[in-house]
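If you're wondering where the values come from, they're calculated on a predicted model, not measured in any experiment. These numbers come from the heavy atoms of this one structure, side chains and all, not from hydrogens, waters or symmetry mates.
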Amino acid sequence: MKIIYILIVALMLVGIAGAVIPALPGASLILIGIIIWGFVSGSFAAIKIPLIVTVIVLLLSIGIDFLASYIGAQQAGASKWGQIGAIVGFLLGFFGLLPALPVGGPLLGMLLGPLLGAIIGEYLYRREWLVAIKAGIGIVVGTILGNLIQGLLAIGAVVTFLVTTWSQVFGS
């Protein structure tokens, strides 16, 4: 039972990383870990609180994902063109369609892609480099801040799980 618990906690740690790194699943991995523990322990009553907290975190993460990018774009004065460019840049960076980067691979591409995509999209719309660069930076900063908030929420969900289930496995 202890080994399974430790493996589930390891899965949840990957979920925390996934909350911060855009390409990995985050809160959903934590939720899966909690559900697995419910089956393994045979007690869904014991996971009721962590399950509720994690579902709330999952819903908040989805909202924060969109809201953070939107607020960053709004604060920087980005248009829809800049936002669409950032999405296209993210996809191109993630799937490696940008020129191969010597260091960082897809992770660096996921940071550079939205920045370059937002700048290009904004420039095509406004034809002003300074405004385009400001918009691109605003979108990326908003996204990064959103990911950090999601990471903190994911840590809270895992801590809630550990606090409510630790004594089941390791005693008091």
Side-chain angles (χ1 to χ4, degrees), residues 3-41 44 46-76 78 82-98 101 103-118 136-166 168-170:
I3 293 173
I4 294 172
Y5 187 81
I6 290 169
L7 290 173
I8 288 171
V9 171
L11 176 70
M12 291 179 174
L13 293 176
V14 173
I16 291 172
V20 178
I21 300 170
L24 297 175
S28 56
L29 281 180
I30 298 169
L31 184 62
I32 289 168
I34 291 171
I35 292 170
I36 291 171
W37 181 250
F39 281 113
V40 169
S41 68
F44 280 97
I47 63 164
K48 180 175 64 175
I49 292 172
L51 192 61
I52 291 169
V53 168
T54 305
V55 167
I56 291 169
V57 164
L58 182 61
L59 294 173
L60 284 174
S61 292
I62 293 168
I64 287 170
D65 216 10
F66 292 109
L67 191 59
S69 296
Y70 178 75
I71 290 172
Q74 291 300 104
Q75 291 296 317
Q83 294 172 359
I84 292 169
I87 293 169
V88 171
F90 172 80
L91 294 173
L92 292 176
F94 176 70
F95 291 115
L97 299 176
L98 291 176
L101 301 170
V103 187
L107 289 178
L108 190 55
M110 287 185 303
L111 288 174
L112 289 178
L115 176 65
L116 295 175
I137 291 171
I139 289 171
V140 171
V141 167
T143 301
I144 290 171
L145 288 175
N147 288 347
L148 291 176
I149 292 169
Q150 288 178 46
L152 292 173
L153 289 170
I155 289 170
V158 172
V159 167
T160 302
F161 173 78
L162 291 172
V163 167
T164 57
T165 61
W166 187 268
Q168 293 175 6
V169 179
F170 298 103

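- Nearest heavy atoms, Pro50 versus Thr164: CG-OG1, 3.0 Å.
- Ile8 is linked by a side chain to side chain contact (heavy atoms under 4.5 Å, CB included) to Ile4, Met12, Ile36, Trp37, Phe161, counting only residues two or more places apart in sequence or in another chain.
- Legend: residues meeting side chain to side chain contact (heavy atoms under 4.5 Å, CB included) with Val53, ordered by chain and number and at least two apart, are Ile49, Val57, Ala157, Thr160.
- Contacts of Val163 classified as side chain to side chain contact (heavy atoms under 4.5 Å, CB included), with partners at least two apart in sequence or in another chain: Val159.
- Rounded to the nearest 0.5 Å, atoms CG (Leu145) and CD1 (Ile64) are 11.0 Å apart.
- Of all heavy-atom pairs between Ala27 and Leu58, the closest is CB-CD1, 3.7 Å.
- A heavy-atom distance below 4.5 Å is found between the side chains of Ile137 and Leu115.
- Nearest heavy atoms, Ile139 versus Ala118: CD1-CB, 3.8 Å.
- Applying the side chain to side chain donor-acceptor pair (under 3.5 Å) test to Thr165 and every residue at least two apart in sequence or in another chain returns Tyr5.
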Starting from the C-alpha separation in whole Å, work towards a yes-or-no answer on side chain to side chain contact (heavy atoms under 4.5 Å, CB included) for Leu116 and Leu92.
CA-CA 10 Å; Leu116 295 175; Leu92 292 176; over 6 Å; no
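- To the nearest 0.5 Å, atom CD1 of residue Ile47 and atom CD1 of residue Ile52 are 10.0 Å apart.
- Side-chain contact between Leu11 and Leu7: absent, with no pair of heavy atoms (C-beta onward) separated by less than 4.5 Å.
- The side-chain heavy atoms of Thr143 and Asn147, taken from C-beta on, include a pair separated by under 4.5 Å.
- For Ser41 against Gln168, the heavy-atom pair with the smallest separation is CB-OE1, 4.2 Å.
- The CD1 atom of Ile6 sits 11.5 Å away from the CG atom of Leu13 when rounded to the nearest 0.5 Å.
- Screening residues 48-59 for side chain to side chain donor-acceptor pair (under 3.5 Å), with sequence neighbours left out, gives no hits.
- With sequence neighbours left out, Ile35 forms a side chain to side chain contact (heavy atoms under 4.5 Å, CB included) with Leu31, Phe39, Leu51.
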